[in-house]
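Please read the structure below before turning to the comments.
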Number of protein chains: 2
Amino acid sequence: MTGDSTAARATETPAPVATGASDPEGDLGWHLGVMLRAYQSTVGVVVGEFPHATRGYQILGTVVRGQEPTQLALAARLGIDRTVMTYLIDDLVAAGLVERRQNPADRRARMIVATEQGSRAFEQLELRVRATEDRLLGALDAADRETFRALMARVACAVKDVDAQTDPCAVVTDVLGVEAR
Amino acid sequence: MTGDSTAARATETPAPVATGASDPEGDLGWHLGVMLRAYQSTVGVVVGEFPHATRGYQILGTVVRGQEPTQLALAARLGIDRTVMTYLIDDLVAAGLVERRQNPADRRARMIVATEQGSRAFEQLELRVRATEDRLLGALDAADRETFRALMARVACAVKDVDAQTDPCAVVTDVLGVEAR
DNA sequence: TATTGTTATACTCTATAACTATA
DNA sequence: TATAGTTATAGAGTATAACAATA
């Protein structure tokens with residue numbers, strides 16, 4: 001539907017093209033929004049069977065990888081309020097995907113670990129999610145896609161560092177090594 | 001439900017690094033979330049004087065550039081519900097940044113145009129926003145940053161096309177339904 | 001006293017539906 | 001009948017504060 005809206009633009013302003021920096025290419029915020037909405041409406045559907053869709057998937061993924069085992073660390077990493085994290089974990093536990101365990105080193109903190117079912121479910125879903133992500137990046141060929149993912153990772157990890165919430169994109173090394181081990 | 005979940009994945013597993021695809025580098029959703037939160041907490045502060053921060057800024061930018069003059073088109077482009085757009089425009093009008101005008105061709109539709117004040121405010125803010133965005137991409141040198149922005153634009157525009165909400169990233173040339181590219 | 005997690009409350013944002021005025 | 005916009009209401013999501021348990 002190409003609406004030939006005649007006489008759209010009002011009388012005075014003659015040149016809609018704005019100053020140099022004003023090209024849409026530079027609208028990073030808009031690009032981010034578009035991508036996130038697309039992500040939610042595609043990946044979100046794929047992981048829709050999970051308690052909280054993309055967030056449940058991300059939590060489970062972090063847990064399966066053994067990163068950030070405590071609720072607070074999970075919340076910080078995923079940008080979720082700790083009071084919200086309680087509910088999310090509740091639902092993941094109810095679904096049998098993760099478990100709360102006591103940390104002998106710090107009895108205040110709960111360690112979140114994936115159940116067998118949770119690990120399997122995540123493994124299966126992850127492939128589909130990756131495929132969906134790739135389709136999301138369909139405008140790029142394989143090489144550009146990898147470049148994009150790498151640049152994205154660098155940016156996100158640096159940002160994470162700036163925020164100083166938790167460790168940056170440190171590769172997973174050891175789970176319980178926070179205190180013991 | 002719970003209870004007899006047998007030894008979920010406890011201390012036995014020494015290698016938390018998961019299967020091939022499971023490296024954090026590939027977690028596009030997490031990267032997107034990190035970036036968006038960083039965007040909101042940096043650019044959002046810069047444009048904090050605007051009625052609705054980043055969204056007000058994005059709306060005003062779209063209007064200043066002469067894209068999507070009607071509220072519905074604005075809403076579709078920015079992924080905002082049309083009932084929400086009413087309030088947002090209300091506040092932008094109250095702030096003297098934009099105006100609602102009658103479209104003589106279709107008296108149902110309102111055309112949103114930027115006021116002088118709005119255009120000036122946006123021009124000034126855009127420079128600061130761009131600078132903030134660049135700081136957000138600080139992990140990348142100038143060349144990588146441009147590459148990233150370009151790839152991002154390609155992805156977002158293709159996604160937009162898939163969603164078929166409105167026209168894709170047509171370069172702004174003319175408001176009157178001239179399609180670029 | 002500070003921290004982790006939980007709960008309850010309140011607030012913000014968004015979606016749903018109904019209504020108007022135009023087409 | 002369908003579309004653009006507005007308004008009102010309800011819902012989901014989120015943050016704030018108070019609390020208990022532990023450090």
Side-chain angles (χ1 to χ4, degrees), chain A residues 1-8 33 36-37 40-41 44 48 50-59 63 68-94 98-113 164-166 176 178-180, chain B residues 33 36-37 40-41 44 48 50-56 58-59 62-63 68-94 98-113 165-166 177:
Chain A
M1 58 167 97
T2 51
D4 38 11
S5 50
T6 58
L36 195 78
R37 285 191 294 275
Q40 295 286 5
S41 65
F50 265 43
H52 288 268
T54 52
R55 282 207 295 189
Y57 171 80
Q58 285 184 354
I59 293 173
V63 168
E68 321 289 4
T70 74
Q71 293 189 195
L72 211 63
L74 278 169
R77 182 170 212 272
L78 300 177
I80 300 172
D81 193 88
R82 64 174 184 173
T83 68
V84 176
M85 186 58 72
T86 298
Y87 298 126
L88 301 183
I89 299 287
D90 281 350
D91 294 341
L92 289 177
V93 169
V98 302
E99 280 182 1
R100 283 190 175 94
R101 294 216 184 147
Q102 284 283 351
N103 184 354
D106 187 343
R107 295 157 71 110
R108 294 172 302 181
R110 268 78 170 173
M111 296 190 322
I112 311 299
V113 294
Q165 293 176 10
T166 54
L176 306 176
V178 196
E179 308 269 347
Chain B
L36 195 77
R37 286 191 294 274
Q40 294 288 3
S41 66
F50 265 43
H52 289 267
T54 52
R55 284 205 296 189
Q58 285 185 354
I59 293 173
T62 309
V63 168
E68 321 290 2
T70 74
Q71 292 189 198
L72 211 63
L74 279 170
R77 181 171 213 271
L78 299 178
I80 300 172
D81 193 88
R82 64 174 183 171
T83 67
V84 176
M85 185 58 72
T86 298
Y87 298 126
L88 301 184
I89 300 287
D90 280 350
D91 294 341
L92 289 177
V93 169
V98 302
E99 280 182 0
R100 282 190 175 94
R101 294 209 185 154
Q102 284 283 349
N103 184 352
D106 186 343
R107 295 158 70 111
R108 295 172 302 181
R110 267 77 170 174
M111 297 189 321
I112 312 299
V113 294
Q165 293 175 10
T166 54

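All chains are named by letter (A, B, ...) in the order of the sequence lines, taking the proteins before the strands, and each is independently numbered beginning at 1. Side chains included, hydrogens not; waters and symmetry mates left out as well; all remaining heavy atoms used.
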Within less than 4.0 Å of OP1 or OP2 of D:dT6, is there a side-chain N or O belonging to B:Q71? yes
Could you tell me if the side chain of A:V84 sits less than 4.5 Å from the side chain of A:R55, heavy atoms only? yes
Side chain to side chain donor-acceptor pair (under 3.5 Å) filter on A:T83, not counting sequence neighbours, yields A:D81
Would you kindly give the CE-to-C1' distance between A:M85 and C:dT4, to the nearest whole Å? 13 Å
State whether A:T86 places a side-chain N or O below 4.0 Å from either non-bridging phosphate oxygen (OP1 or OP2) of C:dG5. no
Residue set satisfying side-chain contact (heavy atoms from CB on, under 4.5 Å) with B:T62, at least two apart, ordered chain then number -> B:Q67, B:E68, B:L74, B:R77, B:L78
Determine whether B:N103 and B:R110 satisfy the following criterion, side-chain contact (heavy atoms from CB on, under 4.5 Å), listing intermediate values before the conclusion. CA-CA 6 Å; B:N103 184 352; B:R110 267 77 170 174; over 6 Å; no
CA sep, side-chain torsions, deciding dist, call: A:D90, A:R100, side-chain contact (heavy atoms from CB on, under 4.5 Å): CA-CA 9 Å; A:D90 281 350; A:R100 283 190 175 94; 2.9 Å; yes
Figure out the CG/P separation between B:L74 and D:dA4, and round it to whole Å. 13 Å
Please report the distance, rounded to the nearest Å, between CD in B:E99 and P in D:dG5. 16 Å
Do A:E99 and A:V93 pass the side-chain contact (heavy atoms from CB on, under 4.5 Å) test, and can you show the C-alpha distance, the side-chain angles, and the key distance before you say yes or no? CA-CA 6 Å; A:E99 280 182 1; A:V93 169; 5.9 Å; no
Roughly, in whole Å, what's the span from CD1 in B:I112 to P in D:dA4? 14 Å
Taking the nucleotide of DNA chain C with the closest heavy atom to each, which residue, A:D90 or A:A109, is nearer the 5' end? A:A109
Which whole-number value in Å describes the distance from A:Q40 CD to D:dG13 P? 11 Å
Kindly write out the residues that satisfy side chain to side chain donor-acceptor pair (under 3.5 Å) with B:Q102, not counting sequence neighbours, or none if the list is empty. none
Atom-pair distance (CZ on A:R110; C1' on D:dA23), nearest Å: 14 Å
Between B:R100 and D:dT6, is there a side-chain N or O to OP1/OP2 distance below 4.0 Å? yes
What are the two closest heavy atoms between B:T54 and B:G44, and how far apart are they? CG2-CA, 3.7 Å
Rounded to whole Å, how long is the line connecting atom CZ of A:R82 with atom P of D:dA20? 15 Å
Going by the rule side chain to side chain donor-acceptor pair (under 3.5 Å), which residues pair with A:R107 if we only count those two or more places apart in sequence or in a different chain? none
Pairs under 3.5 Å (N/O, protein and nucleotides 20-23 of chain C):
unit_1: C:dA23; atom_1: OP1; unit_2: B:R107; atom_2: N; d: 3.2

Dump the pairs, protein N or O against N or O of nucleotides 12-16 of chain C, anything under 3.5 Å, distances to one decimal.
unit_1: C:dT14; atom_1: OP1; unit_2: B:R55; atom_2: NH1; d: 3.2
unit_1: C:dT14; atom_1: OP2; unit_2: B:R55; atom_2: NH1; d: 3.1
unit_1: C:dT14; atom_1: OP2; unit_2: B:R55; atom_2: NH2; d: 2.5
unit_1: C:dT16; atom_1: O4; unit_2: B:T83; atom_2: OG1; d: 3.4

